[in-house]
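Take a look at the structure set out below.
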Amino acid sequence: KVTPTTFWNDTLANTNYISDGKKGAPVFYVFFDPWCSACHKFFTESRDLVANGKVEIRWIGFGLMQDYPGHPVGRSSLEAVAKIYSAKDKTAAFRNYMGQNIMPDVEVDKSLEKELNDHIRLERFVTNGGNPTPTAIFKSKNNILGVKIGIAAPMIGVIIKSEAYNDGVNKNKEVSRNKTKTSSAQ
């Protein structure tokens, strides 16, 4: 049986992720596709939070994009993920690619194929079959899991400071629902 606790402690914690940030800071698992422009923007916007020790982002790479015309890396974004994960220092390879579009010049480790396909299945599970990236999963201080699909990096700072994050009550969701009802009634 999968519970929020087992999903966080067993599934996510045992996924081959790329750690970026301070250990002991609030953790956000973020699914990224290396060809996703929103993911690159999220990476750039998250640099201050990471550098200031406000967050540890655990990046989970997956690739769904194919035959991107003129793209410098292979024929799929999955190949780009495989190259990043095949690098001797995958965190440095990830930062170089996301920050400067410098892909590691490495041979792809073929043993990663199943694992990277598992990342795709995991992302599909979290997004209920969609693939809007970046998608973040976080846990409040009271062990309530939250998912933000298509998240912007500044939102992490808002989440960490929020009452919902700190006391585990999802008041933000209620506010969103109320705004939607109000908007539709006008």
Side-chain angles (χ1 to χ4, degrees), residues 1-64 77 81 84-85 90-91 94-95 97-99 115-116 118-180:
K1 179 179 174 182
V2 176
T3 67
T5 301
T6 60
F7 184 71
W8 185 268
N9 293 337
D10 299 336
T11 305
L12 292 174
N14 291 313
T15 298
N16 186 356
Y17 57 82
I18 298 167
S19 181
D20 188 26
K22 181 182 174 188
K23 302 278 187 229
V27 172
F28 284 74
Y29 288 92
V30 176
F31 289 95
F32 77 97
D33 185 311
W35 287 5
C36 164
S37 60
C39 296
H40 281 265
K41 182 177 181 185
F42 181 95
F43 172 82
T44 301
E45 291 175 345
S46 70
R47 297 302 81 205
D48 283 344
L49 289 167
V50 169
N52 293 323
K54 301 284 187 195
V55 67
E56 178 189 359
I57 300 176
R58 296 179 178 176
W59 299 91
I60 301 173
F62 74 105
L64 295 175
S77 59
V81 172
I84 291 168
Y85 272 75
K90 67 183 177 184
T91 300
F94 167 76
R95 288 178 180 159
Y97 184 72
M98 296 301 283
E115 185 173 0
L116 295 179
D118 286 346
H119 287 189
I120 293 170
R121 284 189 283 284
L122 182 59
E123 188 273 344
R124 295 279 179 162
F125 171 77
V126 169
T127 62
N128 199 26
N131 66 340
T133 53
T135 294
I137 305 169
F138 58 93
K139 181 171 66 167
S140 75
K141 290 182 179 178
N142 287 335
N143 296 319
I144 306 292
L145 294 187
V147 175
K148 293 289 185 187
I149 298 172
I151 189 170
M155 190 67 185
I156 288 180
V158 172
I159 290 169
I160 292 170
K161 293 176 186 172
S162 75
E163 188 176 333
Y165 178 83
N166 288 298
D167 73 4
V169 178
N170 196 348
K171 293 178 182 175
N172 292 336
K173 194 171 189 175
E174 290 302 316
V175 169
S176 296
R177 284 187 191 144
N178 290 338
K179 284 182 183 176
T180 302

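Just so we're clear, the structure is a prediction, and the values are computed from it rather than from any experiment.
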Within the 4.5 Å heavy-atom criterion, are [X] and [Y] side-chain neighbours or not?
X: Asn16; Y: His119; value: yes
X: Phe7; Y: Leu145; value: yes
X: Lys148; Y: Phe28; value: no
X: Leu12; Y: Tyr29; value: yes
X: Val147; Y: Thr127; value: no
X: Ile84; Y: Ile18; value: yes
X: His40; Y: Tyr97; value: yes

Measure across [X] and [Y] and return the closest heavy-atom pair with its distance rounded to 0.1 Å.
X: Cys39; Y: Pro134; answer: SG-N, 3.8 Å
X: Val27; Y: Trp8; answer: O-CH2, 3.6 Å
X: Cys36; Y: Thr133; answer: SG-OG1, 3.0 Å

Checklist entry - Can the ring centroids of Phe94 and Phe32 be said to lie less than 6.0 angstrom from one another? => result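 Judged by ring-centre distance (under 6.0 Å), Phe94 and Phe32 do meet the cut-off.
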
Checklist entry - Is it true that Tyr17 and Tyr85 have ring centroids separated by less than 6.0 Å? => result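 Between Tyr85 and Tyr17, which both carry aromatic rings, the centre distance is not below 6.0 Å.
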
Item to check | Matching residue for Thr6 among Asn9, Thr3, Asp10 - test: side chain to side chain donor-acceptor pair (under 3.5 Å) | outcome: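 Of Asn9, Thr3, Asp10, side chain to side chain donor-acceptor pair (under 3.5 Å) with Thr6 is met by Thr3 alone.
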
Distance (rounded to the nearest 0.5 Å) between [X] [atom1] and [Y] [atom2]:
X: Glu56; Y: Ser19; atom1: CD; atom2: OG; value: 3.5 Å
X: Leu49; Y: Ile57; atom1: CG; atom2: CD1; value: 7.0 Å
X: Lys54; Y: Lys161; atom1: NZ; atom2: NZ; value: 7.0 Å
X: Ile160; Y: Ser140; atom1: CD1; atom2: OG; value: 12.5 Å

Item to check | SB check Arg58 Asp20 (cutoff 4.0 Å) | outcome: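 Asp20 and Arg58: not salt-bridged.
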
Item to check | Test item: side-chain donor near acceptor, Thr135 and Glu123, under 3.5 Å | outcome: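 No, Glu123 and Thr135 have no side-chain donor paired with an acceptor closer than 3.5 Å.
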
Checklist entry - Are Ile60 and Val30 close enough, and set up right, to give a side chain to side chain contact (heavy atoms under 4.5 Å, CB included), and what steps lead you there? => result CA-CA 6 Å; Ile60 301 173; Val30 176; over 6 Å; no

Checklist entry - Is it the case that Arg47 places NZ or CZ above or below the six-membered ring of Phe43, under 6.0 angstrom from the centre and within 45 degrees of the axis? => result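 Verdict for Phe43: a cation-pi partner in Arg47.
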
Next on the checklist: side chain to side chain contact (heavy atoms under 4.5 Å, CB included), that's the test. Do Ile159 and Ile151 meet it? Break it down for me.
Outcome noted: CA-CA 11 Å; Ile159 290 169; Ile151 189 170; 4.1 Å; yes

Item to check | Test salt bridge (charged side-chain N to carboxylate O under 4.0 Å, His left out) applied to Lys41 - qualifying residues, sequence neighbours left out | outcome: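 Testing Lys41 for salt bridge (charged side-chain N to carboxylate O under 4.0 Å, His left out), a comparison that skips the adjacent residues, returns Glu45.
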
Item to check | Phe31: partners by ring pair (Phe, Tyr, Trp, His ring centres under 6.0 Å), with sequence neighbours left out | outcome: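 None.
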
Checklist entry - Under the ring pair (Phe, Tyr, Trp, His ring centres under 6.0 Å) test, which residues partner Phe42, sequence neighbours left out? => result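 For Phe42 the ring pair (Phe, Tyr, Trp, His ring centres under 6.0 Å) partners, ignoring immediate neighbours, are Trp59.
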
Item to check | Over 12 non-hydrogen atoms of neighbours within 6.0 angstrom of NZ in Lys23 | outcome: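 It does: Lys23 NZ has more than 12 such atoms within range.
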
